[in-house]
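As structure tokens, the structure follows; a few thoughts come after it.
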Amino acid sequence: MPYTVTASFDKFYENINLPGDHRETANGRRDDIVDRLKTRFTIIEAFASGSIPRYTAVKGYADLDVIVALHYGKHIEGKKPSEVLQAVRDALAEYRTNVRKNGQAVTLYYKTWPDVDIVPASRVVDNEGNVTAYKIPDMNTESWMQSKPKKHSENISGRSGTCGPSFRKIITMIKWWNHQHSEYLQSYHIEAMALQIFSSTLSDMPWDVFTFFDKASGLMASSLWYEGGYVDTYLSYEQRQEAKKRLETAREKSRDAWHKTYGDNNDQEGAIKIWSQVFGDKFPSYG
């Protein structure tokens with residue numbers, strides 16, 4: 001068991017991180033989805049997305065997103081998001097499926113990990129025919145939202161190069177924290193906040209985690225604009241306030257933990273206890 005906060009964070013990340021390169025599995029699932037859907041849909045493009053290919057996935061919670069760009073005129077034009085999602089479910093009637101609770105995907109369950117969230121989409125192109133974004137469904141509001149999943153993955157990769165490996169580690173840790181505190185925040189929202197908060201080299205994990213909680217609680221005061229749209233419209237006023245309250249609590253506890261570590265007493269044991277309160281039982285105990 002660790003005796004220092006630094007060692008505790010290392011072990012914590014090891015406990016929650018989804019290790020390895022799962023691109024082969026992701027590509028296999030993508031191809032399987034296309035095979036299952038192509039008898040009912042004209043598929044323009046399909047690609048794996050989400051936390052797994054971006055290396056920000058949390059062990060035990062990670063499913064795979066597959067963006068399926070459908071022919072707009074045949075399958076999306078004039079249709080509500082709920083109708084398109086239902087059409088995807090109908091095409092997979094012989095398999096076990098469900099609509100994801102955020103109303104943006106159909107989950108296809110496999111016998112082996114990972115399950116797949118199928119996100120039907122249409123391409124947005126400019127005057128020269130270049131794909132600039134995708135429109136994805138939001139069944140809860142019956143609206144089509146603009147998303148740039150490929151650009152977002154490029155942003156995560158680029159910022160990781162700038163900030164160092166701690167950037168992805170902190171995102172993974174915050175996602176774990178979110179799972180332990182009612183899951184008010186969507187994974188994409190957490191990643192967008194991290195991109196807003198961090199822009200230079202990260203070298204002090206406890207302080208950088210505190211910084212995230214500190215800045216993120218402030219970002220919850222208003223909507224966050226990112227890559228052509230607001231990323232937090234899924235939150236009701238009540239949910240936003242609850243998420244903000246939890247971020248503020250984590251901010252205060254992480255500040256206390258940091259001061260115990262770097263204060264006059266150098267209280268590693270006390271700091272580790274507080275970090276355990278923040279992150280739960282996957283954060284190792286002292287000793």
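Around NZ of K59, the count of heavy atoms belonging to other residues, nucleotides or ligands within 6.0 Å exceeds 12. Around NZ of K80, the count of heavy atoms belonging to other residues, nucleotides or ligands within 6.0 Å does not exceed 12. Counting heavy-atom neighbours within 6.0 Å of Y110 OH, excluding the residue itself, gives a total above 12.
Among all heavy-atom pairs drawn from L92 and T97, the shortest one is CB-CG2, 3.9 Å. The shortest heavy-atom contact between D208 and L202 is OD2-CB, 3.3 Å. When all heavy atoms of S51 and E191 are compared, the pair lying nearest together is OG-OE2, 3.9 Å. A pairwise comparison of heavy atoms in D63 and P114 identifies CA-CB, 4.5 Å as the closest pair.
Side-chain polar atoms of K135 and S122 form no donor-acceptor pair below 3.5 angstrom. Donor-acceptor pairing under 3.5 Å is lacking for the side chains of D117 and Q104. When only modelled atom types and interatomic distance are considered, T141 and S143 share a side-chain donor-acceptor pair under 3.5 Å. K175 and S187 share a side-chain donor-acceptor pair at under 3.5 Å.
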Q: Please report the C-alpha distance between Y230 and W225 in whole Å, then the side-chain angles of each, then the deciding distance to 0.1 Å, and finally whether the ring pair (Phe, Tyr, Trp, His ring centres under 6.0 Å) criterion is met.
A: CA-CA 4 Å; Y230 291 108; W225 182 264; 4.8 Å; yes
Q: Mind running side-chain hydrogen bond (donor to acceptor under 3.5 Å, both in side chains) on D126 and T132 for me, showing each step along the way?
A: CA-CA 7 Å; D126 60 21; T132 60; over 6 Å; no
Q) Could you walk me through whether H71 and F41 pass the ring pair (Phe, Tyr, Trp, His ring centres under 6.0 Å) check? A) CA-CA 8 Å; H71 189 286; F41 296 97; over 10 Å; no
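Looking at Q180, its side chain never comes within 3.5 Å of a backbone N or O of W177 through a donor-acceptor pair. The backbone N or O of T249 lies less than 3.5 Å from no partner atom in the side chain of E252, so there is not a single donor-acceptor pair. The main-chain N or O of I156 is never found under 3.5 Å from a side-chain atom of S160 such that the two would form a donor-acceptor pair. Listed for the E142 side chain is a donor-acceptor partner under 3.5 Å among the backbone atoms of S82. Judged by distance alone, the side chain of T162 and the main-chain N or O of G158 form a donor-acceptor pair under 3.5 Å. The backbone N or O of A257 sits less than 3.5 Å from a side-chain atom of T261, completing a donor-acceptor pair. When atom types are taken as modelled, the side chain of D232 and the backbone of L224 share a donor-acceptor pair closer than 3.5 angstrom. Judged purely by atom type and a 3.5 angstrom limit, T211 uses its side chain to pair as donor or acceptor with the backbone of W207. With R251 contributing its side chain and S217 its backbone, the two residues share no donor-acceptor pair below 3.5 Å. Panel note: side chain S166, backbone K169; no donor-acceptor pair is recorded below 3.5 Å.
Between F283 and F279, the angle of the ring planes stays under 30°, which puts this pair in the parallel group of the 30/60° scheme.
Using a 4.0 Å cut-off between charged nitrogen and carboxylate oxygen, R246 and E183 do not count as a salt-bridge pair. Salt bridge K11/E14: present, at least one basic N to carboxylate O contact under 4.0 Å. With respect to the salt-bridge test (charged N to carboxylate O, under 4.0 angstrom), the residues K260 and D256 do not qualify. A salt bridge is absent between K151 and E154: the closest approach of a Lys/Arg side-chain nitrogen to an acidic carboxylate oxygen does not fall below 4.0 angstrom.
In this structure, the ring of H22 has its center less than 6.0 angstrom from the ring center of W113. The distance between the ring centers of W275 and F9 falls below 6.0 angstrom. Taking the six-membered ring where the residue is Trp, the centroids of Y95 and Y109 are separated by 6.0 Å or more. Taking the six-membered ring wherever Trp is involved, the centroid distance between the rings of H189 and Y234 falls below 6.0 Å.
Inter-residue side-chain proximity for L195 and H152 is flagged as met; some heavy-atom pair is nearer than 4.5 Å.
Hydrophobic clustering, with ILVMFWY side chains joined whenever heavy atoms are under 4.5 angstrom apart, keeps V119 apart from M139. By the rule that hydrophobic residues join a cluster once side-chain heavy atoms approach within less than 4.5 Å of another member, L235 and M193 end up as members of one cluster. Follow the hydrophobic side-chain contacts under 4.5 Å out from F198 and you reach F213 in the same cluster.
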